[in-house]
J.: 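Below are the structure tokens for one structure; questions will follow.
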Amino acid sequence: MQIDTNTVKAKMLERGYSVKELAQKADLAYITISRAINHEKDFSYKTVARISKALDCKPTDLIQES
């Protein structure tokens, strides 16, 4: 599934998170977060769920509409 990069970036900005901080909070690799915000690949629901938990939102908030 595709992640809405604008939403991720906005939520990171709201919380003052860098890519490194979000990766640590989501327990994901730095490169995974970097790819998510640069729209480089599709992600599993599990990955989206981890990112959404770290950003204190619902996974559906981060899924890009087709």
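Fair warning: this is a prediction, and the values are worked out from it, not measured in the lab. In what follows, every heavy atom counts, from backbone to side chain, and hydrogens, waters and symmetry copies are set aside.
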J.: Starting from the C-alpha separation in whole Å, work towards a yes-or-no answer on side chain to side chain contact (heavy atoms under 4.5 Å, CB included) for Lys53 and Lys25.
T.: CA-CA 9 Å; Lys53 184 175 180 181; Lys25 291 183 181 301; over 6 Å; no

J.: Measure from the side-chain N and O atoms of Gln24 to the backbone N and O of Glu21, and report whether any donor-acceptor pair falls under 3.5 Å.
T.: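 Answer holds: no.
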
J.: Within this structure, what is the CD1-NZ distance for the pair Ile37 and Lys9, rounded to the nearest 0.5 Å?
T.: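 Output value for this atom pair is 6.0 Å.
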
J.: Taking Ile31 as the starting point, is it possible to reach Tyr17 by hopping between hydrophobic residues whose side chains are less than 4.5 Å apart?
T.: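 Tyr17 does not cluster with Ile31.
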
J.: Looking at side-chain heavy atoms only, is the closest gap between Phe43 and Arg35 below 4.5 Å?
T.: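 Yes - at least one pair of side-chain heavy atoms lies under 4.5 Å apart.
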
J.: Within a strict 4.5 Å, meaning less than it, do heavy atoms of the Asn38 and Thr5 side chains meet?
T.: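 No. Closest side-chain heavy atoms not under 4.5 Å.
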
J.: Can you tell me how far the CD atom of Glu14 sits from the SG atom of Cys57, to the nearest 0.5 Å?
T.: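 These two atoms lie 9.0 Å from each other.
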
J.: Leu55 pairs by side chain to side chain contact (heavy atoms under 4.5 Å, CB included) with which of Asp61, Thr7, Leu22?
T.: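 That would be Leu22.
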
J.: State whether the side chain of Arg50 and the backbone N or O of Asp27 hold a donor-acceptor pair below 3.5 Å, judged by distance alone.
T.: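 Confirmed, Arg50 side chain pairs with Asp27 backbone.
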
J.: Please tell me whether Tyr30 and Met12 are part of a single hydrophobic cluster in this structure, the criterion being side-chain heavy atoms less than 4.5 Å apart.
T.: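 Tyr30 clusters together with Met12.
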
J.: Within the distance-only criterion (no hydrogens, no angle test), does the side chain of Ser52 pair as donor or acceptor with the backbone N or O of Ala49 below 3.5 angstrom?
T.: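 Confirmed, Ser52 side chain pairs with Ala49 backbone.
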
J.: Are Ile3 and Gln64 close enough that some pair of their side-chain heavy atoms sits under 4.5 Å apart?
T.: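 Side chain of Ile3 against side chain of Gln64, heavy atoms only: no contact under 4.5 Å found.
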
J.: State, yes or no, whether a side-chain contact exists between Thr32 and Thr47 at a heavy-atom distance under 4.5 Å.
T.: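 Yes, close enough: below the 4.5 Å cut-off.
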
J.: Which distance, rounded to the nearest 0.5 Å, do you find between the CG of Leu62 and the CD1 of Ile51?
T.: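 Result: 7.0 Å between the selected atoms.
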
